[in-house]
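Okay, so here's the structure we're looking at.
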Amino acid sequence: MKPLKSIHSRFVPLPIENVDTDQVIPARFLKATTREGFGKNLFRDWRYVDNDESKPKPDFVLNQQQYSGEILVAGKNFGCGSSREHAAWALQDYGFKAVVSSFFADIFRNNALNNGVLPVKVSDAFLAELFTLGNEASLTIDVAAQTITIDATGTQEVFDINRYKKTCLLNGYDDIDYLISHKAQIEAFETQLQS
Amino acid sequence: MAKTLFDKIWDKHVVQQVEEGPSVLYIDKHFIHEVTSPQAFAGIEKRGLTVFRPQQVVATADHNVPTLNQHLPIKDELSRLQVQQLIENCKKHHIELYGLGHPFQGIVHVIGPELGITQPGMTIVCGDSHTSTHGAFGSIAFGIGTSEVEMVFASQCLLQNKPKLMRITIDGELQPGVVSKDIILYIIAQITASGATGYFVEYAGSAIRALSMEARMTICNMSIEMGARGGMIAPDQTTFDYIKGRQFAPGLARWDKKLAEWKELYSDADAVFDKEIRINAADIQPMITYGTNPGLGIAINGKIPVTDHITDEGERNNITKALTYMGLESGKALLGMPVQHVFIGSCTNSRIEDLRQVASLVKGRKKNPNVQVMIVPGSQQVSRQVQAEGLDKVFREAGFEIRQAGCSACLGMNEDKIPAGEYCISTSNRNFEGRQGAGARTLLASPLTAAAAAITGVVTDVRELPAVS
Ligand code: SF4
């Protein structure tokens, strides 16, 4: 994983609640055996008419050129439903480094963090404000300070992230590195469990 | 100090507590399937690791498999490759695989319990959100992502933050025609599709105690649909009787010792939960969903909410969007509405008891000619049991199509799909847009309600189905 220290970017607004992972990446695209290339199927059924890449739906935000950026801002309860990590891979492969919402489903949050995509949980009011901003607005997310800021106004909110995960993100470590460095302890635990 | 059921199991499995961080949690059983494991195998290989405890991993192929002609090669190339990859990975890493053609093959959450692999007090994970099913046995069972599958491969452990705990107590007696699927659809409709996010739920109360293991699994299965990490039920005599004698259950020599341990698994009388919800079983009606998340459900004889009356703007937009997708109208009843498909299957309702219930309802009746009915047993063992009990004959005489074990039309990933725009009453667990195929419209309900619709061709209150003439 690459270290993630801060993000400074415009954002893509998706003011829809309960976006489930079946929408983020429909099941028929889960047949790959590698992690790459899911971005082109991100929000597939919202993005194209009749699943046809030559027919983008003009009203869907990913098809609107005026919106771009490394941050997705979505309605509350983002990432509910299936545990498919492909949802996080698709977001990352598309180019998103953070998802901002007022509420995240648990498994999605873990999956995102494990792939260096930062879930930023903000208040309902802050989220509502983001949705009123125009397409030129940019945000700054500072991982170390745990802050998200609207650049134009300086409006800022602090978000939560546990210290362990923060260290991982800042340094580009992952859980597996941590776990395999504790093998001896795990083996000792197994012996004790069996006795 | 008084402990909850969850605490008792969790505390016993904590290898280490990371300072101001998660716990290193030891995992007893790890189920895998073809869809969420290939990248995890690739991941450990890239790091030069092997599977740390292969004998604690059990594999099956379920999501991607066809439910007809399973003896032939899978037609879809990508599906075939994924299943083939699982076979190779299991062989390479010495993992037991119940693949296509194996007598134990089936949906991962059906086979674990029926083989006696799932036991009280265990920690169980699988790269699948409905792993919560196994909690019905009094275990901590939850779905994980592929990176986490890789962690368990590498270390038999996961880094996890302890969730908050919720107890949902359901006391009293269920009305006739109301089954466990209705209980869980009712709960989710009450607390919404995100109402239990961040929590692990324990189900308790006299109505839960009275349920069979199959019925308990249906409830725990759908815990994830209200956002919960998992659901669990304290083991009791019903649990012990179910496990005893199964393939991988503790043998006679170990049985008494295990039983003594399992009997300690309950929430102490004065244990404290972060949230408590009480429900009266008699208030629950047969349920059906009208929207595109499992929380958008109503009593079968109820009406879809009037969107203009919903004050919360987000919720109003959400329901309006769902109704547009579903082609349904605000304020209308669903009773009497024609459906084109009935799907009876999935890890929620494809166990032998579900199929017995369906058979007892359809015996001597015929399906409506305008409906296609697909019935898909959850495992090879369930299939064999269906035949042994002659239920297949009942289904065939009714005009139902019986398929071979797999996830089938629960998710639009294999060949079984619902065509765009058509309605399907489904015993599965998700009614998301496109879940059963692009554009498909899913109404979630119990096996009884699904069977009733199969016979009448319309949304039907099973309590009002006329007796067989
Ligand atoms: S039956 Fe459906 S919900 Fe269950 S494991 Fe299979 S795809 Fe997932």
Side-chain angles (χ1 to χ4, degrees), chain A residues 15-18 20-23 26-35 44-46 50-51 75-77 80-89 103-108 110-115 124 162-167 174-180 182-183 185-186 188-190 193, chain B residues 12 15-16 18-22 24 26 35-36 38-39 42-44 47 49 52 63-64 76 78-79 81-82 85 127-129 143-148 150-151 154-159 161 163 193-194 197-198 224-225 227 229 293 314-315 317-318 321 411-413 430 432-435 438:
Chain A
I16 299 175
E17 295 185 1
N18 299 311
D20 59 76
T21 52
D22 274 74
Q23 307 318 317
R28 60 185 187 281
F29 300 112
L30 309 187
K31 295 179 181 182
T33 51
T34 63
R35 290 176 189 239
R44 180 80 187 200
D45 291 339
W46 286 348
D50 299 333
N51 193 23
K76 81 166 178 240
N77 197 26
C80 57
S82 160
S83 62
R84 59 189 68 162
E85 192 161 314
H86 313 69
W89 301 337
F103 202 86
F104 288 97
D106 277 341
I107 302 183
F108 173 79
N110 283 345
N111 286 343
L113 280 168
N114 285 333
N115 287 281
D124 286 320
N162 82 46
R163 196 165 105 181
Y164 166 80
K165 273 290 171 200
K166 183 164 138 182
T167 315
D174 66 19
D175 285 3
I176 298 181
D177 299 328
Y178 184 90
L179 288 168
I180 54 183
H182 286 72
K183 272 233 170 108
Q185 203 179 349
I186 294 169
F189 179 85
E190 286 178 320
L193 202 63
Chain B
K12 227 183 136 184
V15 177
Q16 189 215 6
V18 183
E19 209 185 315
E20 280 188 63
V24 176
Y26 190 78
V35 178
T36 54
Q39 292 88 350
I44 56 163
R47 290 172 197 256
L49 301 170
F52 181 54
H63 283 64
N64 238 333
D76 179 281
L78 290 173
S79 301
L81 279 178
Q82 216 172 38
Q85 185 89 57
D128 187 281
S129 54
I144 56 178
T146 297
S147 293
E148 293 171 310
E150 191 179 331
M151 290 171 210
S155 67
Q156 204 56 37
C157 288
L158 274 178
L159 283 155
N161 294 301
S194 60
T197 302
I224 182 75
E225 306 309 336
R229 209 62 227 285
N293 76 57
E315 197 189 335
N317 293 342
N318 201 14
K321 182 169 177 287
L411 89 171
M413 178 155 197
R430 286 188 175 143
F432 299 150
E433 288 183 24
R435 173 76 181 184

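Every chain is numbered from 1 and lettered A, B, ... according to where its sequence line falls, protein lines coming before strand lines.
Heavy-atom pairs under 4.5 Å with chain B were tallied for A:G81, A:G75, A:A87, A:P26; the largest tally goes to A:G81. Most heavy-atom pairs under 4.5 Å with chain B: of the set A:D175, A:T167, A:N110, A:N162, this distinction falls to A:D175. Listed options A:N77, A:N111, A:N115 were ranked by heavy-atom pairs under 4.5 angstrom with chain B; first place goes to A:N77. Your options are A:F108, A:W89, A:F103, and the one with the most heavy-atom pairs under 4.5 Å with chain B is A:W89. For the set A:R163, A:R44, A:R28, the entry with the most heavy-atom pairs within less than 4.5 Å of chain B is A:R163.
Using a cutoff of 4.0 Å between basic side-chain nitrogens and carboxylate oxygens, A:K31 and B:D76 are scored as salt-bridged.
At least one donor-acceptor pair under 3.5 Å links the side chain of A:K183 to the backbone N or O of B:A154.
When heavy atoms are compared at a cutoff of 4.5 Å, A:D106 approaches chain B by way of both its backbone and its side chain. In this structure, the portion of A:N18 lying under 4.5 Å from any heavy atom of chain B is its side chain and not its backbone. Looking at A:N51, there are no atoms closer than 4.5 Å to chain B (heavy atoms on both sides), in backbone or side chain. In this structure, the portion of A:F104 lying under 4.5 Å from any heavy atom of chain B is its backbone and not its side chain. For chain A, the nearby parts of B:E433 are the backbone and the side chain; heavy atoms of each come within less than 4.5 Å. In this structure, the portions of B:E148 lying under 4.5 Å from any heavy atom of chain A include both its backbone and its side chain. For a residue to count as touching a neighbouring chain, one of its non-hydrogen atoms must lie under 4.5 Å from one of that chain's; by this rule B:R430 touches chain A with the side chain only. Within the 4.5 angstrom heavy-atom criterion, only side-chain atoms of B:N293, from C-beta onward, approach chain A. The part of A:D20 that comes within reach of chain B is its side chain, from C-beta onward, which places non-hydrogen atoms under 4.5 angstrom from that chain. Neither the backbone nor the side chain of A:D50 comes within less than 4.5 Å of any heavy atom of chain B. The contact between A:Y164 and chain B is made by backbone and side chain atoms together, counting heavy-atom distances below 4.5 Å. Contacts of A:S82 with chain B are made by both backbone and side-chain atoms, with heavy-atom separations under 4.5 Å. For A:Q23, the part sitting under 4.5 Å from any heavy atom of chain B is the side chain, from C-beta outward, and nothing else. There is no contact between A:D124 and chain B, counting heavy-atom distances below 4.5 Å.
Note that OG of B:S147 and CD of A:E85 are 3.5 Å apart. Values are rounded to the nearest 0.5 Å. The distance from the CD atom of A:Q185 to the OG atom of B:S155 is 11.5 Å, given to the nearest 0.5 Å.
Summarising the geometry of B:V35 relative to A:H86, their closest heavy-atom pair is O-NE2, 3.8 Å, with the distance given to 0.1 Å.
For B:K12, the NZ atom sits in a loose shell: 12 or fewer heavy atoms of surrounding residues, nucleotides or ligands are nearer than 6.0 Å.
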Q: Report the C-alpha separation of A:Y178 and B:V24 in whole Å, then their side-chain angles, then the decisive distance to 0.1 Å, and conclude whether the side chain to side chain contact (heavy atoms under 4.5 Å, CB included) test is met.
A: CA-CA 10 Å; A:Y178 184 90; B:V24 176; 4.0 Å; yes

